[in-house]
Amino acid sequence: MLDLKFVRENPDVIRENIRNRHVSGDVDAVISLYDQRSAAIQAVESLRNERNRNAQAMKGSLPQEERTRLIEEGKSLKEQIAAAEATLTSVEQELQRRAEELPNLTHPDTPSGAQESDNRELEQVGSVPVFSFTPRDHVAIAEELDLVDFENAGRVSGTKFYYLRNEAVYLELALIRFAMDILQNHGFTPMITPDIARTEVLQGIGFNPRGPESNIYNIEDEGTSLVGTAEITLGGYYQNQTIPAEELPIRMGGLSHCFRREAGSAGQFSRGLYRVHQFTKVEMFVVCLPEQSEQIHRELLEIEKEIFSSLEIPFRVLDICSGDLGGPAFRKYDLEAWMPGRGTAGEWGEITSTSNCTDFQSRRLNIRYSGTGADGKKERGYAHLLNGTAVAVSRAIIAILENFQQADGSVLIPPALQGYTGFERIPAKRDAGKAKTG
RNA sequence: GGAGAGGUGACCGAGUGGCCGAAGGUGAACGCUUGGAAAGCGUUUGUACCCUAACCGGGUACCGGGGGUUCGAAUCCCCCCCUCUCCGCCA
């Protein structure tokens with residue numbers, strides 16, 4: 001959520017930002033409600049002031065007449081206060097609702113635009129592999145090598161679920177450990193997080209669990225949801241806390257499952273492991289001071305590049321355009337890996353994303369810092385929050401299977417990962433008994 | 001899940017209807033004292049929001065959370081949450 005005082009004082013900036021991001025949001029309504037709220041607060045507080053005076057006046061012993069008069073006055077005040085409070089509550093709820101529709105401010109260097117094609121490509125790293133044969137997509141590879149089973153998962157859990165089998169299991173475990181080790185080298189605290197979070201935390205991070213377009217699985221009767229990313233639980237970790245400035249930045253590397261409903265998304269670009277209801281992800285999350293966030297955002301991007309460079313997966317870096325940022329992000333970079341089996345002759349596919357959400361999430365989550373400024377005075381404010389994908393395992397597996405497939409049908413393991421998998425290659429088709437169904 | 005005890009400021013701990021934003025202590029900051037330090041003495045020491053040019057001043061709220069009773073609630077009532085102890089269950 002934005003700072004409403006800032007919105008009140010800079011309506012044109014907000015209007016321009018809404019236009020630039022191609023979202024809807026009514027600044028004038030927010031401002032009007034904000035003013036109504038101030039007036040309502042003043043009304044309530046002055047009535048309460050009178051009530052307190054009235055109560056004070058009744059402390060000692062008084063003539064019965066006087067006492068009766070004061071009690072009558074108090075009763076009247078009580079009713080007026082209740083009415084004023086009801087007004088305030090309804091104004092506040094409406095203000096909150098409208099204010100949450102406003103997206104975060106946008107970094108001045110963010111490319112302007114509404115579509116994916118407006119994203120700015122910053123660089124390409126590694127070279128797209130050239131095959132002496134027609135490369136297959138990861139679904140074909142995985143089925144032939146008995147690595148992924150969608151069919152039985154469909155019966156057991158539903159479509160877009162999957163079992164990993166054989167080497168794919170160790171591949172997932174290896175990727176997790178590989179990513180976690182890199183994060184630890186960069187000063188991140190390794191964490192394994194809950195896969196369920198309370199609604200208020202989801203909302204604080206910027207997810208709307210109950211909306212019609214929600215991508216979130218809700219737990220019945222609990223006020224909780226399955227998390228779509230560890231960003232939720234890592235952000236919630238410091239909810240309602242004030243952190244001493246000298247402890248910042250705090251870097252966390254969280255492992256979790258991610259659950260997404262993905263209602264209505266189908267088609268060839270969602271094939272196989274690309275868009276699934278459950279996957280495993282190692283997520284980076286940073287809490288820092290406002291003046292640190294831009295630098296740390298670059299740092300998160302560098303770590304993502306380090307991870308995929310080390311895996312020798314070709315990728316490109318995108319500076320995401322204003323219309324594609326999503327509500328909380330001030331600036332966002334995506335890494336897209338080359339996926340030779342995607343589309344007709346290979347396509348780029350998103351594998352990581354890192355966002356600087358500035359104070360947009362921390363205001364709602366109430367995560368603050370306190371310190372001493374240069375002038376010796378106390379300083380406090382909302383911390384800046386950043387997140388980034390270290391490894392989204394299912395998509396990393398796609399990239400590895402498709403880029404490292406060999407003419408003989410085997411798949412090489414990226415050298416950097418071999419120490420973690422314990423094998424150098426997933427051998428070509430064996431006669432290992434696969435439980436066929438159907 | 002069942003039974004009992006308890007949740008007060010940075011911390012400990014008083015407070016059972018108005019004199020409580022909250023005693024006392026600890027810790028911290030500043031000053032005095034000292035050759036220096038300790039001790040001692042004095043002063044200070046929460047957050048959010050509203051009004052305001054103002055982190056000057058004024059006001060409101062906050063004693064786990066939410067409701068209620070009352071002219072008035074940290075104090076009384078109800079619901080919920082959490083912690084501790086015992087029992088049960090379980091990986």
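Numbered from 1 within each chain, the chains take letters A, B, ... in sequence-line order.
For the C1' atoms, the distance from B:G24 to B:U83 is 26 Å, rounded to whole Å. Rounded to the nearest Å, the gap between the P atom of B:G72 and that of B:G4 is 34 Å. Spacing of P atoms, B:C11 relative to B:G27, comes out at 16 Å, to the nearest Å. Separating the P atom of B:A22 from that of B:A74 is a span of 12 Å, rounded to the nearest Å. Separating the P atom of B:G6 from that of B:A14 is a span of 12 Å, rounded to the nearest Å. Look at the P atom in both B:C50 and B:G42: the space between them is 40 Å, to the nearest Å. Remark: the separation of the P atoms in B:C79 and B:G88 is 28 Å, to the nearest Å. Rounded to a whole angstrom, the distance from the P atom of B:G1 to that of B:C12 is 28 Å.
Not counting sequence neighbours, the partners of A:Asp12 by the side-chain hydrogen bond (donor to acceptor under 3.5 Å, both in side chains) test are A:Arg15. Scanning for side-chain hydrogen bond (donor to acceptor under 3.5 Å, both in side chains) contacts around A:Glu312 gives an empty result, with sequence neighbours left out. For A:Glu304, the side-chain hydrogen bond (donor to acceptor under 3.5 Å, both in side chains) partners two or more places apart in sequence, or in a different chain, are A:Thr352. Considering only residues two or more places apart in sequence or on other chains, A:His22 meets the side-chain hydrogen bond (donor to acceptor under 3.5 Å, both in side chains) condition with none of them.
Remark: A:Ser76 is not in phosphate contact with B:C71, judged by side-chain N or O atoms under 4.0 Å from OP1 or OP2. At the phosphate of B:C71, neither OP1 nor OP2 sits under 4.0 Å from any side-chain N or O atom of A:Arg69.
With rounding to whole Å, A:Asn366 atom CG is found 9 Å from B:A48 atom P. Atom P of nucleotide B:C71 and atom CD of A:Glu66 are separated by 17 Å, given to the nearest angstrom. Counting to the nearest Å, the C1' atom of B:C71 and the CG atom of A:Leu47 are 15 Å from each other. The CD atom of A:Gln42 sits 18 Å away from the P atom of B:G58 (whole-angstrom rounding). Put simply, CD1 on A:Ile81 is 13 Å from C1' on B:U70, counting in whole angstrom units.
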Between the protein and nucleotides 15-22 of chain B, which nitrogen or oxygen pairs are less than 3.5 angstrom apart?
residue, atom, partner, partner atom, Å
B:G18, N2, A:Ala55, O, 3.3

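Geometric assessment of A:Arg261 against the ring of A:Tyr217 yields a positive cation-pi assignment under the 6.0 Å and 45° thresholds.
Within the 4.0 angstrom heavy-atom criterion, no nucleotide atom of any strand lies near A:Tyr382.
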Enumerate donor-acceptor pairs with a distance under 3.5 Å from any side-chain N or O in residues 73-84 of chain A to protein atoms, sequence neighbours excluded.
residue, atom, partner, partner atom, Å
A:Glu73, OE1, A:Arg69, NH2, 3.3
A:Ser76, OG, A:Gln80, NE2, 3.0

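Toward the 5′ end of RNA chain B lies the nearest nucleotide of A:Lys78, the other residue of the pair A:Lys78 and A:Arg198 mapping further downstream.
Applying the ring-ring contact (aromatic ring centres under 6.0 Å, His included) rule to pairs touching residues 64-103 of chain A yields nothing, sequence neighbours excluded. Here ring-ring contact (aromatic ring centres under 6.0 Å, His included) pairs that include residues 32-58 of chain A, with residues two or more places apart or in two chains, number zero. Applying the ring-ring contact (aromatic ring centres under 6.0 Å, His included) definition to pairs two or more places apart or across chains, those involving residues 283-304 of chain A are A:His297-A:Tyr333. The side chain to side chain donor-acceptor pair (under 3.5 Å) contacts involving residues 241-255 of chain A comprise A:Arg251-A:Glu299, where partners must be two or more places apart or lie in separate chains.
Using a distance-only test at 3.5 Å, with no hydrogens or angles considered, no donor-acceptor pair links the side chain of A:Arg37 to the main chain of A:Ser32. Under the 3.5 Å distance criterion, the side-chain polar atoms of A:His277 are left unmatched by any main-chain donor or acceptor of A:Phe259.
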*Where does RNA chain B pair, written as one dot-bracket string 5' to 3', with Watson-Crick or G-U pairs under 3.5 Å, ( ) inside the strand, [ ] for crossing pairs and | for another strand?*
((((((((.[[[..)..(.....]]]((((((.......))))))((((((.....)))))).[[[[[..)....]]]]])))))))....
*How does protein contact run along nucleotides 59-65 of chain B, one letter per nucleotide 5' to 3', with B for base contact, S for sugar-phosphate only, - for none, heavy atoms under 4.0 Å?*
BBS----
